[in-house]
Number of protein chains: 4
Amino acid sequence: MSKNNLLDAMIAQTKLSKKQTDKQQKITETAIKLFAEKGFANTSTSEIAKAAGVAEGTIFRHYGTKDNLLLSVLLPFLKESLPTMAEDVFNELLTDQVANFEDFLRALAKNRIAFINENKEIFQIFVKEVLYSEELKNEIFPYISENIFQRIAKVVDHFKARGELVDLPTITIQRLLFTIIGGFLFSRFVLLPNQEETIDESEIDQIVQFIMDGIRKKSQSE
Amino acid sequence: MSKNNLLDAMIAQTKLSKKQTDKQQKITETAIKLFAEKGFANTSTSEIAKAAGVAEGTIFRHYGTKDNLLLSVLLPFLKESLPTMAEDVFNELLTDQVANFEDFLRALAKNRIAFINENKEIFQIFVKEVLYSEELKNEIFPYISENIFQRIAKVVDHFKARGELVDLPTITIQRLLFTIIGGFLFSRFVLLPNQEETIDESEIDQIVQFIMDGIRKKSQSE
Amino acid sequence: MSKNNLLDAMIAQTKLSKKQTDKQQKITETAIKLFAEKGFANTSTSEIAKAAGVAEGTIFRHYGTKDNLLLSVLLPFLKESLPTMAEDVFNELLTDQVANFEDFLRALAKNRIAFINENKEIFQIFVKEVLYSEELKNEIFPYISENIFQRIAKVVDHFKARGELVDLPTITIQRLLFTIIGGFLFSRFVLLPNQEETIDESEIDQIVQFIMDGIRKKSQSE
Amino acid sequence: MSKNNLLDAMIAQTKLSKKQTDKQQKITETAIKLFAEKGFANTSTSEIAKAAGVAEGTIFRHYGTKDNLLLSVLLPFLKESLPTMAEDVFNELLTDQVANFEDFLRALAKNRIAFINENKEIFQIFVKEVLYSEELKNEIFPYISENIFQRIAKVVDHFKARGELVDLPTITIQRLLFTIIGGFLFSRFVLLPNQEETIDESEIDQIVQFIMDGIRKKSQSE
DNA sequence: CATGAATGAGCGTTCATTCAT
DNA sequence: AATGAATGAACGCTCATTCAT
């Protein structure tokens, strides 16, 4: 609502610039590459302009400010990450076919890792900038909380009710999931992004397996 | 304060070797606070000077460059405190009393979390800067590898030999430990550091418990 | 203005090649004036900006560094104007009409003094800066040697062969010429440049006369 | 006289600091070396202090300002150059033994070149600084004029009266002498000071010979 | 006398942003 | 829509100078 609402602003922003010109396209691409490589603060607009083959003024004609350029880069990524994930992904994954939590978790992990793998650079930019921007943090996390956590909570509750999951509080299970998957993504894509190697399917299986060991309902046989 | 407090240690040490002046101390303290809060690049030397109540020139008289001020803050943390601590910690933890891997892991986690808790700000600076500086990264990782990973590898091997741990490759186990503990530290101290709340002992127990579920040797009874 | 005026030439040339803006011209003109007056090191960029009526940033947009501004002032003088001029001058002077060395010397002296007279300020800058910059020195002297000394050597040899000049080594004669003419230029344009008075023709005649007394072949009558 | 009088100030200054301490000695020596090497403006007081092995404060305790340090370096040189030259040197050279102007000129040249040779560095400093300081220029040149030029004028007049010198105006002869000898000193000691080689006696003879060719009374026999 | 920590004005330089064309 | 010259505030840094010890 208020102008302080970052996400609203972001959405309004992209709505304004519906039809991207060639130059805009070039600017966005170049900005993503350079922001990921050297960080937002260490990339000057003149550098972007030069690398994109446009005049510096052109950047400001389209994006107004450098901060706004950053948002224009992050926004589609976030839109795809958050609401889409919340709706499409869950709908897709939560059909009757998904027999158990492990299958769900594996499908979710694969889906999201594939997405981030395709948007490596923007993910890097996003994580790095979140560390420095209280504004981003304060706007994004409630949003995540609403859209993602609550849906996951439902799923967890569902499988807890089916007796598949250990009887820890749902919030605890969520935190564990978040820490482990988040830690994995952070170390692979942000902290040590040099390695060209793609994420191995077996690696994901391993992590899911590991997580399940921790949260699967222990058999009563003992 | 406890021996874990790095700043105390640094101050004590530099007092001995180079007689730090009052102003120097004020500068270091202020720099740590501001770097942690807003990041190195987003903190200007004039801001530090103003906040520390000194003239800007005084910073440069003592540290030469802003980069050097950062190093003066980080290097003691990395080059002096960590290795001796690593040794102390492992010596302390690896006595005969440590009956099993779970005890070791819990002791290690508590020890390190306590350490970082007392050096929150430097830890934040360190993580944030590593993301932007290949140089720092390249200086740090071999170092960590030598001092930490190899020691942990030994411990893991030891308990694997005793049949306590699952038969995964040691490197895999290490990665899981690193991801989970690192992810926890990152999310608690860097990503979402607002919360004043101290880390709960029970939370650590929970994580250790969780890890152990994943890497404990499964009983053959099945 | 005459073709001898270097600034006119520079301005004309840069206009052709890189379309100098009004502000750029103002900066160059002001820089030349101030560098000549107070020396390069004692002239601040903010002073130049203020005197030129531009923002300080404008200087750096066009010249990148203060050193570069100096070079932008000196290099055309050295790399473009001097050599072509050297060629023109020698071609012009060394026609058959030049009956003897004295005529040649007088013509050369007048030509060069006129040239420097129209480029007083750049000459001052050049001499002052050469005293402090080994780099400038090392770039300049080989250059002068090739373009000036070797040509003069030829002329001296030519007239020595015709029996007009004393039988001193050519290098000795050159040194005398250089010392006397150089000393004259230095004292008139650099050491004591206050005097607005233009160089008197009769003064040049006098010096040439004096030099010729020293290097003319003495009559064998004694 | 007035406080504006540089030479008075200089003299007053040295009178104050009669007995030099060891540290003062070291400071002066170091300053001479560094000023000559890198120029006055490019040498910082902290650099001098470090190289001299004293605290920076010590320089200011003794010399008050950096400018004053420069004067303390130049003053003894100038005192020796000007009044002494005017008195002692002329007295010594102008005895009856000096049969002709050529002998006088040769003796004067040798004497002064030897002096400058022994004070190469201070001479370099002096010439370079005169180029930038109107104050130095305005104070020194009248002084030179009074003490040196007038005495030389007398000598020239003396030998003109004896019919040894050409009938040019005395001022013209002086200028020629000044230009040639000055040009020689400048090029040897300031412009191209690299060469370690000492000034050759025969070289002086050559120059004196050359000058005499230009100003000797032409014999009427031809 | 000597020290060296502290100062603060001034430097060269960068850069996001504006605006006339 | 696109340009790029121009801006000026802010930056990291230097240095002659002061002063308490």
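Chain letters run A, B, ... following the sequence lines, proteins first, then strands; residues in each count from 1.
Side-chain atoms of C:Ser72 come within 3.5 Å of backbone atoms of C:Asn68 as a donor-acceptor pair (strictly under, hydrogens ignored). Side-chain atoms of B:Thr28 come within 3.5 Å of backbone atoms of B:Gln24 as a donor-acceptor pair (strictly under, hydrogens ignored). Judged by distance alone, the side chain of B:Thr58 and the main-chain N or O of B:Val54 form no donor-acceptor pair under 3.5 Å. Between the side chain of D:Asn138 and the backbone N or O of D:Glu134 there is at least one donor-acceptor pair closer than 3.5 Å. C:Lys50 contributes no side-chain N or O that, together with a main-chain N or O of C:Glu56, makes up a donor-acceptor pair within less than 3.5 Å. At distances below 3.5 Å, at least one donor-acceptor pair connects side-chain atoms of D:Thr30 with backbone N or O atoms of D:Lys26.
For the pair C:Glu56 CD and E:dC15 P, the interatomic distance rounds to 16 Å; values are reported in whole Å. Atoms CG (C:Asn68) and C1' (E:dT14) sit 16 Å apart, rounded to a whole Å. Following rounding to the nearest Å, C:Phe60 (CZ) and E:dT13 (C1') show an atom-to-atom distance of 5 Å.
Remark: D:Lys38 NZ is packed, more than 12 non-hydrogen atoms of other residues, nucleotides or ligands lying under 6.0 Å away.
Comparing C:Ala55 and B:Gly57 against DNA chain F, the residue whose closest nucleotide sits nearer the 5' end is C:Ala55. Both C:Gly64 and B:Arg61 lie near DNA chain E, and the one whose nearest nucleotide falls closer to the 5' end is B:Arg61. Projected onto DNA chain E by closest heavy-atom contact, C:Lys66 and D:Ile59 fall at different nucleotides, the more 5' of which corresponds to D:Ile59.
Partner assigned to F:dT14 is E:dA9, using Watson-Crick or G-U wobble distances below 3.5 angstrom. Across every strand in view, F:dA1 sits unpaired, with no contact that passes the Watson-Crick or G-U test at under 3.5 angstrom.
Separating the P atom of F:dT21 from that of E:dC1 is a span of 22 Å, rounded to the nearest Å.
For D:Lys128 and D:Phe40, the positive end is not near the middle of the six-membered ring at less than 6.0 Å and at most 45° from its axis.
In this structure, CD on A:Glu135 lies 8.0 Å from CG on A:Leu71, to the nearest 0.5 angstrom.
Using a 4.0 Å cut-off on heavy atoms, the residues of residues 39-52 of chain B that approach DNA chain F are B:Thr43, B:Ser44, B:Thr45, B:Ser46, listed by number.
Of all nucleotides in DNA chain F, those with any atom nearer than 4.0 Å to a heavy atom of chain B start and finish, going 5' to 3', at F:dC11 to F:dT14.
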